[in-house]
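Only one structure is covered here, and it is reproduced in the block below.
All of these numbers come straight from a predicted model, not from anything done at the bench.
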2 protein chains.
Amino acid sequence: MSSSSTPAAASHPPLASDVDLLRLDHQVCFSLHAASRAFGGVYRDALKDLGLTYPQYLVMLVLWEHGPQPVKVIGERLRLDSGTLSPLLKRLETAGLVTRERSAEDERSVVVRLTEQGSDLRDRALPVPLKILSATGLSVPEVLALQQLLGRITNALDQAH
Amino acid sequence: MSSSSTPAAASHPPLASDVDLLRLDHQVCFSLHAASRAFGGVYRDALKDLGLTYPQYLVMLVLWEHGPQPVKVIGERLRLDSGTLSPLLKRLETAGLVTRERSAEDERSVVVRLTEQGSDLRDRALPVPLKILSATGLSVPEVLALQQLLGRITNALDQAH
DNA sequence: CACAACTAAATTGTGCGCAACTCAATGACG
DNA sequence: CGTCATTGAGTTGCGCACAATTTAGTTGTG
């Protein structure tokens, strides 16, 4: 708890006051919020050619990697519910990238499947990650460390929620 | 750039393929996206009592910290444009937390000011940051490091954008 | 078999984020 | 002084996120 390296908030005795925390908090929540939106902006640029939004890209990644799967599974992988996925998938269907059909075994379930066009789009998506990586200015090890830290936080937050 | 400390992704020869990157990318963008939403969930809980959403809370933080200021300045601090702020501020005004009035010197500018009620809300917001911090399961130094890293990334991404 | 509990999608409503645009006020320049 | 570019807010439109609800299909139990 030495205060010599952090000039800000250094004018206080041992115990951090609520006021300090309110300022710290400002920076933590804000920096994550801002980073998330900054990523959104760069992805938006990179995905414009493909005609995909960022969340749509996430869904396509899941489909490219794991093949046909029900909406529920996609939702579990991306932690998104049907309220978000249903309209999103409808847009992907309208764009001709996926099909949606009721499962035969369980009529409640809707299986999402890539169309030929959807599969082909993968080739054009290949250069995207490198663009993003270079835009972050991070090294690969740094990215991995960040990933790990974020994963830890997400799990902790999900449990608290 | 030795990779001995990071066992993951160590099974590859020098050059990572596009396919690898596509999977890596999946995890990077997704983990940030997920972390951001996980934070949103916890803040939602913590702010429910105050009747604030997470972005509204950010605006209130700025007002508590810096006092009355034009919409433009709030937007600069939070990197939000009028398209987001105008309706948000209107909701805060309807809730009786802020007032909005045209500046006398520059009639284009609208100054946002806390009401008595808005100022008072600060006391009830004080315990929020500690709740969030403990929900993350991170130590204060870890939070500071994360903050710094995210700041670096955001700057880099904003430049690329 | 009938009925209750549960599950998967979809729908509805609210709010955020952002691009594109409008409008009024300001400032710069000839 | 008049004109034109710029600036600050606001509006519109679209898509995402999420809570709450609805609908239809499934499963469990008496």
Side-chain angles (χ1 to χ4, degrees), chain A residues 29-30 32-45 47-48 51-59 69-76 78-95 98 100-112 157-158 161, chain B residues 29-30 32-45 47-48 51-59 69-76 78-95 98 100-112 157-158 161:
Chain A
C29 65
F30 167 67
L32 198 104
H33 198 61
S36 176
R37 287 185 294 122
F39 261 100
V42 174
Y43 271 105
R44 204 184 325 281
D45 291 347
L47 295 174
K48 187 174 288 181
L52 292 176
T53 66
Y54 177 55
Q56 287 168 7
Y57 171 68
L58 291 179
V59 170
Q69 54 198 293
V71 174
K72 177 182 163 52
V73 174
I74 298 176
E76 284 169 356
L78 300 179
R79 301 188 201 226
L80 291 172
D81 67 4
S82 65
T84 300
L85 284 175
S86 287
L88 188 156
L89 290 168
K90 236 180 234 177
R91 279 175 219 115
L92 288 181
E93 188 178 35
T94 302
V98 307
R100 296 181 307 149
E101 46 181 328
R102 293 271 160 193
S103 163
E105 308 114 31
D106 188 340
E107 288 282 341
R108 292 170 303 180
S109 174
V110 170
V111 174
V112 181
L157 291 176
D158 277 351
H161 179 47
Chain B
C29 66
F30 166 68
L32 198 102
H33 198 63
S36 176
R37 287 185 295 121
F39 261 101
V42 175
Y43 272 105
R44 203 183 325 280
D45 291 349
L47 296 174
K48 185 174 291 179
L52 292 176
T53 65
Y54 178 53
Q56 287 167 7
Y57 171 68
L58 291 178
V59 170
Q69 53 197 295
V71 173
K72 177 181 163 52
V73 174
I74 298 176
E76 284 169 355
L78 299 178
R79 300 188 201 227
L80 291 172
D81 66 4
S82 67
T84 299
L85 284 176
S86 286
L88 188 156
L89 290 169
K90 236 182 231 177
R91 284 186 278 273
L92 288 181
E93 187 178 36
T94 302
V98 307
R100 296 181 305 147
E101 44 182 329
R102 293 271 161 195
S103 163
E105 309 115 31
D106 188 340
E107 287 283 340
R108 292 170 301 181
S109 174
V110 169
V111 175
V112 180
L157 291 177
D158 277 351
H161 177 47

- Item | A/K72 NZ - D/dT26 P separation (whole Å) | 16 Å
- Message: Can you tell me if B/K90 touches the phosphate of D/dG10, counting only side-chain N or O atoms and a distance under 4.0 Å to OP1 or OP2?
- Response: no
- Item | Closest-nucleotide 5' rank along DNA chain C - winner of A/R37 and A/P87 | A/P87
- Grab the two heavy atoms, one from B/R102 and one from B/R108, that are nearest each other, plus how far apart they are. NH1-O, 2.9 Å
- Query: Between the base of D/dT26 and the side chain of A/R108, is there a donor-acceptor distance below 3.5 Å?
  - Reply: no
- Item | Phosphate-side-chain proximity, B/S82 and D/dA9, N/O vs OP1/OP2 below 4.0 Å | no
- Note on the structure: Here the distance between atom P of D/dG10 and atom CG of B/L92, to the nearest Å, is 13 Å
- Between D/dA17 (C1') and B/F39 (CZ): distance, integer Å: 17 Å
- Item | Nearest-0.5 Å distance that lies between atom CG in A/L80 and atom CG in A/L88 | 8.0 Å
- Of the candidate nucleotides C/dA9, C/dA25, D/dC18, which contains the atom at the shortest distance from the side chain of B/E107? C/dA25
- Task: Could you tell me the separation between the CD1 atom of A/I74 and the P atom of C/dA8, rounded to a whole number of Å?
- Result: 14 Å
- Message: Categorize A/L85 for me: base, sugar-phosphate, or nothing, with a 4.0 angstrom heavy-atom threshold over every strand shown.
- Response: nothing
- Check every strand shown and say whether A/E76 touches a base, only sugar-phosphate, or nothing at a heavy-atom separation below 4.0 Å. nothing
- Query: Just how far, in rounded Å, is C1' of D/dG15 from CG of A/L80?
  - Reply: 13 Å
- Item | Audit row: A/V59, A/L85, side-chain contact (heavy atoms from CB on, under 4.5 Å) steps and yes/no | CA-CA 9 Å; A/V59 170; A/L85 284 175; 4.1 Å; yes
- Query: Counting side-chain heavy atoms from CB outward, which of D/dT11, C/dG17, C/dA10 is closest to A/S86?
  - Reply: C/dA10
- Between atom OG1 of A/T53 and atom CG of A/L92, what is the distance when rounded to the nearest 0.5 Å? 7.5 Å
- Message: Please compare A/T53 and A/D106 by the position of their nearest nucleotide in DNA chain D and report the one closer to 5'.
- Response: A/T53
- Task: By nearest nucleotide on DNA chain C, pick out whichever of A/G83 and A/R44 is the more 5' one.
- Result: A/G83
- Item | Nearest-angstrom distance from the residue atom CD of A/E93 to P of C/dA10 | 9 Å
- Message: Taking only side-chain N and O atoms of A/S109, does any of them lie within less than 4.0 angstrom of OP1 or OP2 on C/dA9?
- Response: yes
- Can you tell me the distance, in whole Å, between the CG atom of A/D81 and the C1' atom of D/dA19? 8 Å
- Item | Mutual orientation of the aromatic rings belonging to A/Y54 and B/H33 [parallel < 30°, tilted 30-60°, perpendicular > 60°] | perpendicular
- Grab the CG-C1' distance between B/L88 and D/dG10 for me, whole Å please. 14 Å
